[in-house]
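Lettering of chains follows the sequences in order, A, B, ..., and the numbering in each one begins at 1.
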2 protein chains.
Amino acid sequence: MFSPVGNSKSLSQQIEEKITEAIRNGQYLPGQKIPTEKELCEIFKVSRTAVREAIKTLAARGIIVVKKGSGAYVSEVSIQNASESLNMFFELSSNKDLILQTIKTRQLIEPIIASEAAKHRTKKHITLLQKNLEDIKKCDLLDSKTEAELDNAFHKILVSIPQNNILELLLSPIFNLMPKFKESVFAKPTDGDLLKEKEMMIIHHSNILNAIIDQNGNLASQSMKNHLATTHANYIKSQALKK
Amino acid sequence: MFSPVGNSKSLSQQIEEKITEAIRNGQYLPGQKIPTEKELCEIFKVSRTAVREAIKTLAARGIIVVKKGSGAYVSEVSIQNASESLNMFFELSSNKDLILQTIKTRQLIEPIIASEAAKHRTKKHITLLQKNLEDIKKCDLLDSKTEAELDNAFHKILVSIPQNNILELLLSPIFNLMPKFKESVFAKPTDGDLLKEKEMMIIHHSNILNAIIDQNGNLASQSMKNHLATTHANYIKSQALKK
DNA sequence: AAGTAAAATTTGTATGATGTCTTATAAATT
DNA sequence: AATTTATAAGACATCATACAAATTTTACTT
């Protein structure tokens, strides 16, 4: 009955949509430059303010990149770019179960990934994983930040082995945020526990790596399950200690 | 000798970070209003332009929503918002590998989800899934769009059963884009094939549903694998036909 | 006390000016 | 002839001001 009187979209939003549409149509391909602000003003018959706000939004979405003094270019769609918003969501999400759910999600998904990695691994992957393991062993016990990053890197390498960009993309927020989780939330164990936890981690990573070297998917999956079960348990323990 | 002096983040970027930081600190909670542009100008000692650009970026990221004449409010973080960039990524990179990788990713992850769903399902979930199945059966054979949406809805319900927000969030881009993939890329089979494919889909969904009703995780997982293997095969076939 | 109209506040758009960065071209030096 | 430096032009970044449009607050009337 009532047609939307709306048109509630702001000028800059409309311009933003038109530019997006042009990009989506292939009118401007990744790497190419879109018209200058001045030209866009003339094309759309609006002020530079409106154009600039539209451009700012598109840049924030990662659809274009603006180079000062040069112009705005359609960005090469990159996994990093695409997952930035997801990462932001994770960071801002105030859900207290977030960490627990993240760990549970990893428990569901990573065993499969380990299994796939065992099937598709090459010598190059093995070398990478072995180097990572050595680095972790050498890492200072008190440098928990580096250790967390190396730990994370191990899992990232695993996810990269099946050469499935989508899989990597979807899981990237988890791996990006994991070190932050550890730093901010996990309780600091006493020195003795620290050592024990690290040794345990190294053993688990070794088990996973060996299974992958042997191309034994089932064993890799099972080793990963064990590893993450420990992670889960450690988290529960640390939360209990806080009370 | 000289290190690059750059690292000059733009003014609006700096402001953006400060506001983000304040939100992250809990200084402004979801739903609350952040200071007006004028106030922000005074706080940061910059022009309104710079402040507005920062606000624009934050709004584009879905971190705040701006109401004309009222102010800017911290938004309730939603999955929809968070995955919007990802959706754009999927849309822009419409290369064929992407679809194949998406299908493969589903083949890796969804069997586990089906298995979990079998463990955690309630009567309410069963009812939902049964209704969805009935709707698909009733759906007009030629209305492929509705059919694709219903198909997708089935899988979405499954993902929601374990009540793991992270899992849902991570996979939402896949489910959001799946109908579009089908519409734009899959070859239209002949009428006979259409009927056959639909019957097959209904059989597979029934198998999955029955396994879930029986709380038989292994069977649910296996049924899902079969289902997605068919999806995979159909896609390969459709691509071959195009040549 | 409630409703309404006016005023104040706040965001949206427009315009002009100045600064800084990038790129291209010309001039000077080696 | 090749390299370096100087200059100019194009383009984005920031600032300031003004006005428009939407919302919220205030004041006034009933």
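Axis orientation changes by 10° from one end of the helix from C/dA1-D/dT30 to C/dT30-D/dA1 to the other, with each end axis drawn from 5 pairs and the value rounded to 10°.
Between the CD atom of B/E16 and the C1' atom of D/dT14 there is a distance of 16 Å, given to the nearest Å. Remark: C1' of C/dT11 and CG of B/L58 are 16 Å apart, rounded to the nearest angstrom. Residue B/Y73 contributes atom OH, which lies 16 Å from atom P of D/dA22 at whole-angstrom precision. One interatomic measurement links the two molecules: CD1 of A/I34 to C1' of D/dC12, which rounds to 12 Å at whole-angstrom precision. What separates CD of A/Q14 from P of C/dG12 is a distance of 14 Å, to the nearest Å. Rounded to a whole Å, the CD1 atom of A/I64 is 10 Å from the P atom of D/dC12. Taking atom CD of residue B/Q13 and atom C1' of nucleotide D/dT14, one finds them 14 Å apart after rounding to whole Å. Remark: C1' of C/dG12 and NZ of A/K56 are 18 Å apart, rounded to the nearest angstrom.
Near DNA chain C, defined here as any heavy-atom distance below 4.0 Å, the residues from residues 47-55 of chain B are B/R48, B/R52, listed numerically.
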Expected rows: protein N/O vs nucleotides 7-11 of chain D N/O, under 3.5 Å:
{"unit_1": "D/dG10", "atom_1": "N2", "unit_2": "A/G69", "atom_2": "O", "d": "3.1"}

Only distances under 3.5 Å count here; give the side-chain donor-acceptor pairs of residues 63-73 of chain B to other protein atoms, sequence neighbours excluded, each with its distance to 0.1 Å.
{"unit_1": "B/S70", "atom_1": "OG", "unit_2": "B/Y73", "atom_2": "OH", "d": "2.5"}

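Residues meeting the salt bridge (Lys or Arg N to Asp or Glu O under 4.0 Å) test with B/K38, sequence neighbours left out: none. Residues that satisfy the salt bridge (Lys or Arg N to Asp or Glu O under 4.0 Å) test with B/K131, not counting sequence neighbours, are B/D135. A/T146 pairs by the side-chain hydrogen bond (donor to acceptor under 3.5 Å, both in side chains) definition with A/D143, not counting sequence neighbours. Every residue meeting the side-chain hydrogen bond (donor to acceptor under 3.5 Å, both in side chains) condition with B/R52, not counting sequence neighbours, appears here in chain and number order: A/E53, B/E37. Scanning for side-chain hydrogen bond (donor to acceptor under 3.5 Å, both in side chains) contacts around B/T127 gives an empty result, with sequence neighbours left out. Residues passing the side-chain hydrogen bond (donor to acceptor under 3.5 Å, both in side chains) test with A/H120: none are found, sequence neighbours excluded. With sequence neighbours left out, the salt bridge (Lys or Arg N to Asp or Glu O under 4.0 Å) criterion links B/E134 to B/K137.
The side chain of A/S12 contributes an N or O atom lying less than 4.0 Å from OP1 or OP2 of C/dT13.
Atom NZ of A/K198 sits in a crowded spot, with more than 12 heavy atoms from other residues, nucleotides or ligands closer than 6.0 Å. Residue A/Q163 qualifies as open at atom CD: its count of foreign heavy atoms under 6.0 Å is 12 or below.
The ring-ring contact (aromatic ring centres under 6.0 Å, His included) analysis of residues 144-168 of chain B, with sequence neighbours excluded, yields the pairs B/F154-B/H205, B/H155-B/H205, B/H155-B/H227.
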